[in-house]
Structures are given as structure tokens and as C-alpha cells.
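Only this structure's heavy atoms are used, side chains among them; waters, hydrogens and symmetry mates stay out.
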Amino acid sequence: MTTPASPAPLWKSIRRRRVRDRVIESLLLLAGLVAVFTTVAIVWILVAEALPFFDHVSFADFLTDTMWTPLFAEPRYGILPLVAGTLVTTFVALALAIPAGTIIAIYLSEFASHRLRELVKPVLEMLGAVPTVVYGYFALVMVTPFLQKLIPSLPGFNMLSAGLVIGIMIVPYVASVSEDAMRAVPNYMREGSYAMGATRLQTATRVVVPGALSGIAAAYILGISRAVGETMIVAVAAGLQPNLTWNPTESAATITAFIVQVSLGDLPHDSIGYQSIFAAGLVLLVVTLAFNVAGFMLTRRFREAY
Amino acid sequence: MSAMRAGVERRKLLDKLFVVLGLLVLFAALAVLLTLFLDLVRQGAPRLNLDFVTSYASRKPEQAGILAAWVGTSLIMVVTACVAMPVGVAAAIYLEEYAPRNWITAVIEINVTNLAGVPSIIYGLLALGLFVYKFSLGQSILAAGLTLALLILPIVIVATREAVRAVPRPIREAAYALGATRWEVTAHHVLPYSMGGVLTGMIIGLSRAIGETAPIITIGALSFIAFLPESLLDPFTAMPIQMFNWVSRPDPGFRVNAAAAGAILLGMTLLMNGIAIWLRYRFRKRMNW
């Protein structure tokens, strides 16, 4: 940076700066590789800690047994009840989030004025930023009592209320990813539709939505993956008892709720209870990974479309 | 002709109905946010005072407070910020300014995208196996801070990349033309100009980390602590843990505490998000290249 007063040759300074650049570049690459290390570490830790679990429990039992009672005197290790709980809460969440999120996305992308959009989007973003434990409180203390007025037989812990609140949580997510996809549809397609005399709604449902379909599908799939991995809402509001049922008005534990329940106790490092949460975590990772990959491939497709 | 007119009228009506539906759903979503916050404040009002902030947890709900929780949360956030900021910004700069188009870059990009979708409780399991046992950090503030740093890394990376990408090409070329090396271009020009975006991403990341409960439960945060941590290797509790503990107790007195803690927690998250949005707005307005 400073001008060399003595005849310290210019090329020396250039070389010094080049060397410094090389060192810095390797440091930056190292930081980038942290993401790769993290993924590898996740898979490695989950597999390594879950493996001893499968010494005790056969893989077939794990996938087909209908009871999950790892902390009982006579433990049974069938993941099905937890998977059922996860699927039911996810399904309830999607039943709310997909219609609501899609309507908001269509409205913001095709109908709302620029000013309204700029005003509303940050607030929606905040809805997605509410801590999940606060949403759990909301489900347990506010939504459940309200639902109990409609369905008097509803127990204090139930999957319906937890699922609905997960739905509220993922609405902003579904809405913003779908809206991005809709806005990527080129304007000449809308103009063509208007020129044929279509209304805004017709243009939205028959031109924009079909054009953005893979992006919208990606939004749904990423929403599913969020709902499957949601933990605190179900741990607070859906109950912690594994229960093989497809009825959302019952109480049941999800995969995530089970992990929380075990973590709250102080289990020794080598116990089978400790290993069982890694086995459950592995199932969760595989499921969310499958959805994420599908969503990722779909978003890629819609980017290439135009 | 009149049949066609009727068809047009019907379609126009449907259009208007959709506008009503859209606004309705939108405002329902916003009403949830407002109801949630106001109800937390109303329910928690009896405990929202100075005593609550300066007392430790207690068996008696009316004496319990969040001192250990907010101190724990603050320390965790410091660790998280100190790790996530440099690593996240460095990774983003590498991907935007340095990375050649090769398979290593592709692998990094796929991993960043993928990590953003991994459920937070999986990070908790990773931390339990890796930080708590393999690295022997124990159930400590340091382990929790590192975990949350990994969790928000994708957020920081994505935000920084966007900010860096927004710096126009000619600015870099002007610097190169004067003989600057790549790092000099980055450090003297690109980074300072994108600081607003970097800061925004960091605040959004921290606002996510502050409310995360599941991963630090998995690590083994305690819910009953009556002392302040003296080092980063001490056991800890945090705001969301404290709230979870109170909300899962049947005693209605603790529900009030849960609401009060929730109001403070939600208030902090919304405030951080508000600051981030305001910063983004200001920087966008000031930028005219």
C-alpha cells in the first residue's frame, strides 16, 4: 500500500501480496468446507450412535413392530407409532398451510399493489420467525381450548391443535417460495392472457399457476419437510405418549417429540435409550432429506424453464 | 349477447371475490401474530416486572424469574455470533468471489442448500454426539453456541452471498485495473459495500437462534439453575428452555410465568427482525451506484 521509499523493488511487494492472497483463499475455502464437514458429521454421528441400537433390535422389528416403549421394563422398539404421529401432524399442517399459503402467494403476486406487498411481506416473515416454543404455548393454551368448544371430547394434548399451529408456522414459507415461482413467470404470458380477455383470476389460475407449477410443488415439499422436522410445537401440545393412530383428535408422540422426551431425562451415554434417539433421528433425517432433494430438483427445473 | 355479458359479469365478480378471499387470509395470518403477542403480554402481565428479570428459577411460581435464562441466552448468542459471522461470511465470499466452477464448489453449494433444510433437532443430535461427548465440551454454553452457529450458518451464507452479488461488476474491475489483488478488491470494496446485507443476514440468523429450543434441549440444557455461569464450559439454561419447562407444568401459576417469558422472547425476536427489515430498507434506499 505504501510507496517504497528505498529501492525495495515493486515486484517484491507484488509477490508478497500474491502469497497473502493464496493463503487467504485457502482460508476462505476452508470456511466453505465447514458446510460439507457438517453434513458428513451429521450422517456419521447418527449412523455411528444408532448402530449399537440395531445390535439389540432387529431392523425388521424396528420397522414393523407397532409398539414404541423404549423406557418400559419390557421395551418394544417399533418406530411405526412415532411415524404415524409425525404423518398425522404433518397432514393437518398441510391441510391448513397449502390452501392459505397458495392463496396468499397468488394474491401478493397477481393482485396486490406494490406498496401493499412491500408492507405485508416483512410481517409475514415475522410470522415465520416466531420461536417454536412460543407457538407450542399458543397451541396448548389458546388453540386447544378454542377447539374444545367445537369438539368437546378433544383431550388437552392432541395432534389437531399442534398440526394447525405448525400449519400457521409454515404458511409464510409456502407463500414466499410459491410467490417467487409465480413472479418468475414472464410478463408476456400474462399479457397474452389479458389480451384474450381473461380476468386476473383466470390469468392467475390458468396461466401463472401452471407456469410456476414446479416451483409451487417445491414450496409444498419444502413445507412438508419443515412440518416433519418441527419439534417444540408437538412436544408441548401433542402429548408425549406414542400412540398408533390416524385420528388427529387423539394425543400421540412424533419422532421429534420422542427425542425431546428422552433428552429431558438424563440418560447415560451407553444406554439403549440414548442410542434409540439416534435411531429415531436417522429415520427423521432420511425422510426430510428425501423431501429436500425432491424440492431442490423441482426448484432447479422451474429455474431452467424460461 | 346478454349471455356473454352475464359471463363477463360473473368472471369479474369471481375476480373481486378472490381479492376479498386473499385479503381475508392475509389478515387472518397477521391477526394470529397480533393475537399471539397481545395474549402473551396480557397473560404474562402480572409477572412482567423487574423482579422477574432479576430472580432465579424457583419452585414457587410467583418468586421464579429468568435471570439465569437470559444470561445463558446472551452468552450463547455471543458464542454463536463469534463463530457464525466469520465462517459464514468467509464461506459466502469464497463462493461468490473466488470459487472456480468445479466439483468442489458444486458440493459446497449443495451442502449449504441441504443444511438449510435439516430439522433443528438433528443439529441437536449432532451436537450431543460430537461436541458433548467426542470433543468432551460437556453440556455447556460453548457446545450450545457452536450448535446454533452451525444451525444459522446457511442463513448467514445465503444473505451474505446476495449482498455480495449486488455489488456491481465495474467496481471490482476498477479496483483490478489499479492493480489490486483479489483479496484487496474484496476487503477494500466488495465487503464494505455489502456490509448492510451481511448485518441483516446476521441479525435474522441470531433471531432464529435465540428462539431455538429443540437442539439445546438435546444437548442437555438444565431447566433449574440457581447460579450464573462463570465460564463457557459451565452448564446453562436459556430463555426458550425456561419457557418450555414452565409451559409443560400443570400448575397455572407457571403458565403465567411461561406467558411472561414468551412475551419477552417473542418481543426480542420481533425486535431483531424489525431491525433487520429496517436496515435492509435503508441500505436499499441509500444504494445508488
Peer 1: Between A:V260 and B:F244, is there a side-chain heavy-atom distance shorter than 4.5 Å?
Peer 2: yes
Peer 1: Side chain to side chain contact (heavy atoms under 4.5 Å, CB included) with B:L36: which of A:V134, A:I168, A:V165?
Peer 2: A:V134
Peer 1: By a 4.5 Å heavy-atom criterion (distance strictly below it), what part of A:E49 contacts chain B: side chain, backbone, both, or neither?
Peer 2: side chain
Peer 1: Return the minimal non-hydrogen interatomic distance between A:G32 and B:I108, and the atom names on each side.
Peer 2: O-CG2, 3.5 Å
Peer 1: Could you tell me which portion of B:L95 (side chain, backbone, both or neither) has an atom closer than 4.5 angstrom to a non-hydrogen atom of chain A?
Peer 2: neither
Peer 1: Step through the shown structure and confirm whether more than 12 heavy atoms of other residues, nucleotides or ligands are within 6.0 Å of CZ on A:R18.
Peer 2: no
Peer 1: At a heavy-atom distance under 4.5 Å, which candidate from A:I106, A:L30, A:I259 has the highest pair count against chain B?
Peer 2: A:I259
Peer 1: Chain B heavy atoms under 4.5 Å from A:V141: which part of the residue, side chain, backbone, both or neither?
Peer 2: side chain
Peer 1: Is it the case that more than 12 heavy atoms not belonging to A:R206 sit under 6.0 Å from its CZ atom?
Peer 2: no
Peer 1: Tell me whether A:D21 contacts the main-chain N or O of B:W183 through its side chain, where contact means a donor paired with an acceptor under 3.5 Å.
Peer 2: yes
Peer 1: Please flag which part of A:T231 lies under 4.5 Å from any non-hydrogen atom of chain B: side chain, backbone, both or neither.
Peer 2: side chain
Peer 1: Restricting to non-hydrogen atoms, name the atom on A:L124 and the atom on B:A29 that form the minimum distance, rounded to 0.1 Å.
Peer 2: CD2-CB, 4.4 Å
Peer 1: Taking C-beta and beyond as the side chain, do A:F278 and B:L128 meet within less than 4.5 Å on heavy atoms?
Peer 2: yes
Peer 1: Which region of A:E110, side chain (C-beta onward) or backbone (N, CA, C, O), has a non-hydrogen atom less than 4.5 Å from a non-hydrogen atom of chain B, or is it both or neither?
Peer 2: neither
Peer 1: Would you say that A:M142 contacts B:Q43 through its side chain, given a criterion of any heavy-atom pair below 4.5 Å between the two side chains?
Peer 2: no
Peer 1: Decide yes or no for B:I204 and A:E125: does some side-chain heavy atom of the first lie under 4.5 Å from some side-chain heavy atom of the second?
Peer 2: yes
Peer 1: Within the 4.5 Å heavy-atom criterion, are A:L27 and B:Y94 side-chain neighbours or not?
Peer 2: no
Peer 1: Let me know if B:I277 has heavy atoms under 4.5 Å from chain A in its side chain, its backbone, both or neither.
Peer 2: side chain
Peer 1: Do you know which two heavy atoms are closest between B:L33 and A:M126, and how far apart they sit?
Peer 2: CD2-CB, 4.1 Å
Peer 1: Below 4.5 Å, heavy-atom pairs only: which of A:E118, A:R20, A:E25 has the largest tally toward chain B?
Peer 2: A:E25
Peer 1: Which answer fits B:I157, side chain, backbone, both or neither, if we ask what part of it has an atom under 4.5 Å from a heavy atom of chain A?
Peer 2: neither
Peer 1: How many angstroms lie between atom CG of B:L130 and atom CD1 of A:I45, to the nearest 0.5 angstrom?
Peer 2: 4.5 Å
Peer 1: With a 4.5 Å cut-off on side-chain heavy atoms, are A:V130 and B:F37 touching?
Peer 2: no
Peer 1: Quick one: are A:L46 and B:L126 in side-chain contact, heavy atoms under 4.5 Å?
Peer 2: no
Peer 1: With only heavy atoms counted, which part of A:I14 is less than 4.5 Å from chain B, the side chain, the backbone, both or neither?
Peer 2: neither
Peer 1: Looking at B:T269, B:V247, B:V8, B:L125, which makes the most heavy-atom pairs under 4.5 Å with chain A?
Peer 2: B:L125
Peer 1: Is chain B contacted by the side chain of A:F291, its backbone, both, or neither, given a heavy-atom distance below 4.5 Å?
Peer 2: neither
Peer 1: Quick one: which of B:K12, B:R208, B:K134 has the most heavy-atom pairs under 4.5 Å with chain A, could you say?
Peer 2: B:K134
Peer 1: Going by side chain to side chain contact (heavy atoms under 4.5 Å, CB included), A:V133 matches just one of B:L266, B:L265, B:I241. Which one?
Peer 2: B:L265
Peer 1: Who among B:P86, B:A214, B:S207, B:G88 has the most heavy-atom pairs with chain A under 4.5 Å?
Peer 2: B:A214
Peer 1: Run the side chain to side chain contact (heavy atoms under 4.5 Å, CB included) test on A:L201 and B:L17 for me, step by step, so that the C-alpha distance in whole Å, both residues' side-chain angles and the decisive distance to 0.1 Å come before the verdict.
Peer 2: CA-CA 10 Å; A:L201 184 62; B:L17 283 179; over 6 Å; no
Peer 1: Would you call the rings of A:Y274 and B:Y133 parallel, tilted or perpendicular if under 30° counts as parallel and over 60° as perpendicular?
Peer 2: perpendicular
Peer 1: At a 4.5 Å cut-off on heavy atoms, which part of A:I24 comes close to chain B: side chain, backbone, both, or neither?
Peer 2: side chain
Peer 1: For a 4.5 angstrom cut-off between non-hydrogen side-chain atoms, does A:Y107 reach B:V25?
Peer 2: no
Peer 1: With a 4.5 angstrom heavy-atom cut-off, could you sort out which part of A:I277 is near chain B: side chain, backbone, both or neither?
Peer 2: both
Peer 1: Would you mind checking which part of B:R182 comes under 4.5 Å of any heavy atom in chain A, side chain (CB onward), backbone (N, CA, C, O), both or neither?
Peer 2: both
Peer 1: Given heavy-atom pairs under 4.5 angstrom as the criterion, report whether the side chain, backbone, both or neither of B:T105 touches chain A.
Peer 2: neither
Peer 1: Measure the spacing between CD1 of A:I103 and CG of B:L24 and express it to the nearest 0.5 Å.
Peer 2: 9.5 Å
Peer 1: Does anything in residues 110-123 of chain B get under 4.5 Å of chain A by heavy atoms, and if so which residues?
Peer 2: B:N111, B:V112, B:T113, B:N114, B:L115, B:A116, B:G117, B:V118, B:P119, B:I121, B:I122, B:Y123
Peer 1: Which region of B:Q139, side chain (C-beta onward) or backbone (N, CA, C, O), has a non-hydrogen atom less than 4.5 Å from a non-hydrogen atom of chain A, or is it both or neither?
Peer 2: side chain
Peer 1: Using every non-hydrogen atom in the two residues, find where B:R255 and A:Y137 come nearest and quote the distance to one decimal.
Peer 2: O-CE1, 4.1 Å
Peer 1: Side chain from CB out, backbone as N, CA, C, O: work out which of these in B:L153 comes under 4.5 Å of a heavy atom of chain A, or both, or neither.
Peer 2: side chain
Peer 1: Checking the side chain of B:D15 only, and the main-chain atoms of A:T199 only, is there a donor and an acceptor separated by less than 3.5 Å?
Peer 2: no
Peer 1: Please flag which part of B:T181 lies under 4.5 Å from any non-hydrogen atom of chain A: side chain, backbone, both or neither.
Peer 2: both
Peer 1: Which of the residues B:E212, B:E97, B:R11 is involved in the greatest number of heavy-atom pairs with chain A at under 4.5 angstrom?
Peer 2: B:R11
Peer 1: Only pairs of heavy atoms separated by less than 4.5 Å count here; which of B:L14, B:D39, B:T35, B:I93 has the most with chain A?
Peer 2: B:D39
Peer 1: Look at A:G128, A:S225, A:A129 and state which one has the largest set of heavy-atom pairs under 4.5 Å with chain B.
Peer 2: A:A129
Peer 1: Can you tell which part of A:L140 gets under 4.5 Å to a heavy atom of chain B, answering side chain, backbone, both or neither?
Peer 2: side chain
Peer 1: For A:T288, is it the side chain, the backbone, both, or neither that has a heavy atom closer than 4.5 Å to a heavy atom of chain B?
Peer 2: side chain
Peer 1: Which bit of A:L108 is near chain B, if near means a heavy-atom gap under 4.5 Å: side chain, backbone, both or neither?
Peer 2: side chain
Peer 1: Looking at A:L33, A:V40, A:T38, A:V123, which makes the most heavy-atom pairs under 4.5 Å with chain B?
Peer 2: A:T38
Peer 1: Taking side chain as everything from C-beta outward and backbone as N, CA, C, O, which of these in B:I217 sits under 4.5 Å from a heavy atom of chain A? Side chain, backbone, both or neither.
Peer 2: both
